[in-house]
Amino acid sequence: MIEIVEVHKWFGRLYVLQGINLQVDEREVLVIAGASGSGKSTLLRCVNGLEKIQRGQITVNGISIQDSKSNLNRARQQIGIVFQNYNLFPHMTVLKNITIAPVKVKRMRTEEAKKRAMHLLERIGIPEKAKSYPEQLSGGQRQRVSIVRALAMEPTVMLFDEPTSALDPEMIKEVLDLMKELAQEKMTMIVVTHEMGFAREVADRVAFMADGQIVEVAPPAQFFEHPQDERARRFIEQIL
Amino acid sequence: MPGLFSRYLKYGWRFFSATALLVLILWLVYISLEQTYIFHWNQALRSLHNYNQGLKITLSISLISMFVSLGLGIIIAMGRLSRWTIVRDLSGVFVHSLRNLPFIVVVLLFYFGLRQAFPIDRLFSPWRRVEIWGVPIFDGRFIWGVLALSIFEASFIAEIFRGGIQAIHKEQGEAARSLGMSYFQSMRYVILPQAFRVIIPPLTNELVALVKESSLLFIISLEELTQTARLQYSTGRPFVFEYYTILAAYYLMLTIPLSILSHFLERRLAVGDRNR
């Protein structure tokens with residue numbers, strides 16, 4: 001489903017990704033863990049082409065992301081992404097935030113898009129906020145809206161870039177619960193997060209990154225109990 | 001809401017007292033001038049209908065130029081932010097060469113220079129006597145006046161737009177593109193609507209400047225407000241002071257509402273605003 005082969009990326013003299021190989025299967029939940037600055041977010045942003053890679057190949061649903069001939073806009077319709085800072089559109093209502101892409105990109109009829117958006121809002125329990133603006137929502141509500149905004153495009157892959165890092169502790173759970181639901185519905189997901197409880201419970205595999213490389217990939221039980229790599233071991237000791 | 005009412009009252013008082021002070025000062029100036037200058041307000045005000053005709057020309061040339069320069073300004077601003085170096089450089093040269101010229105030089109260059117090389121107004125010569133709302137919009141001076149004014153102003157407006165677009169966080173564009181929107185869709189639906197809010201105050205200032213700059217078109221004897229005022233004393237009644245005072249009043253009538261509109265829009269648009 002997602003294939004990442006020998007990917008290298010650098011910003012000037014900063015060598016961020018140093019030969020990444022990774023494969024994510026359909027319906028798999030992969031959590032990427034690692035210290036700040038290890039290249040987790042950059043790798044995720046490369047998957048939907050927000051960052052350009054200098055060498056290697058990334059293929060999602062059979063479409064090459066780095067190839068200039070492939071239609072990146074079309075590929076991105078299949079790839080939902082959720083950002084740390086929500087990045088909702090502040091000048092649109094919650095409803096408009098959710099319907100704008102299906103209507104403008106997929107040419108869905110407005111009423112149809114609205115109906116689906118309301119279903120999504122009911123699902124996250126805030127249909128009454130449809131006419132509100134993002135600034136009138138709590139952080140947790142904003143992040144859940146940004147998740148359903150991505151879902152409205154009916155993606156086959158969801159990427160999460162530290163979705164709970166900007167949230168107050170009491171709001172983290174509502175966002176993680178929604179992500180858990182998605183995982184149970186067998187959405188293909190790559191999640192960059194520091195929430196190791198979530199990784200242990202939901203992930204099929206955990207990939208550990210350090211210094212621009214993936215140094216260990218293992219199922220969560222094995223990863224947390226018997227980490228092979230020295231840096232992974234130290235990381236786990238620090239957070240647990 | 002008692003708070004709202006008392007606030008209006010407060011602003012009302014400030015407006016009233018400021019106006020009263022201004023009137024007092026003007027009156028003092030007036031009576032001191034009367035010692036040495038004989039005013040002929042009655043005769044001067046008889047030519048108001050000429051001013052109204054000039055006002056029509058100034059209004060229509062400003063309005064048309066506003067639309068043209070806004071459209072052109074957005075295109076040039078996008079050019080300045082293009083990913084192709086050659087487009088960036090070309091629009092950069094356009095902006096910098098025009099911004100650093102005095103407007104009167106641009107007018108002279110366009111009307112006496114470019115017009116010789118590209119006499120596009122001749123295309124419209126069959127309709128040169130056609131008037132819409134009393135404005136001869138196919139007249140060569142009118143066409144070149146609009147061209148000079150809108151192209152000159154587009155260079156300023158382009159820089160305002162560029163600043164506005166760059167002020168909107170890069171993340172907003174990323175979010176839009178990640179949903180599958182094209183570059184133009186993300187501009188149209190996400191970046192530009194937000195950029196508009198940021199740039200309303202500088203943009204309105206620029207439109208005020210545009211109205212004021214249209215006065216320099218008197219140099220190509222386009223009979224807008226300023227030229228009208230200048231022509232009054234060739235009628236054999238040289239009431240220069242009166243004529244130019246009337247002229248100033250007319251320009252204030254145009255520009256002050258624009259400034260008030262800017263202030264109003266600034267507060268209206270701030271409502272649905274974010275806290276980034």
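In what follows, chains carry the letters A, B, and so on, assigned in the order in which the sequence lines appear, proteins first and then strands, with residues in each chain numbered from 1. It should be emphasised that the depicted structure is a prediction, and the values quoted were computed from it without experimental measurement.
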Chain B contact via A/N85 - which portion, at a heavy-atom distance below 4.5 Å: side chain

Check whether A/R149 gets within reach of chain B through its side chain, its backbone, both or neither, counting any heavy atom under 4.5 Å. both

Sidechain N-carboxylate O distance under 4.0 Å for A/E111, A/K114: no

For residues A/T59 and A/E3, is any side-chain donor paired with an opposing acceptor at under 3.5 Å? no

Side chain, backbone, both or neither: which part of B/Q185 has a non-hydrogen atom closer than 4.5 Å to chain A? side chain

Which region of A/N48, side chain (C-beta onward) or backbone (N, CA, C, O), has a non-hydrogen atom less than 4.5 Å from a non-hydrogen atom of chain B, or is it both or neither? side chain

Where does A/F89 contact chain B at under 4.5 Å (heavy atoms): side chain, backbone, both or neither? both

Could you tell me how the ring of A/Y15 sits relative to the ring of A/W10: parallel (under 30°), tilted (30 to 60°) or perpendicular (over 60°)? perpendicular

Using heavy-atom distances under 4.5 Å, tell me whether A/I81 contacts chain B through its side chain, its backbone, both, or neither. side chain

Heavy atoms only: give me the nearest A/C46-A/K9 pair and the separation to one decimal. SG-CD, 4.0 Å

For A/L72, is it the side chain, the backbone, both or neither that has a heavy atom under 4.5 Å from a heavy atom of chain B? neither

What are the two closest non-hydrogen atoms of B/M181 and A/N73, and how far apart are they? O-OD1, 3.5 Å

Considering all heavy atoms, the nearest A/H91-A/Y133 contact: O-CE2, 3.6 Å

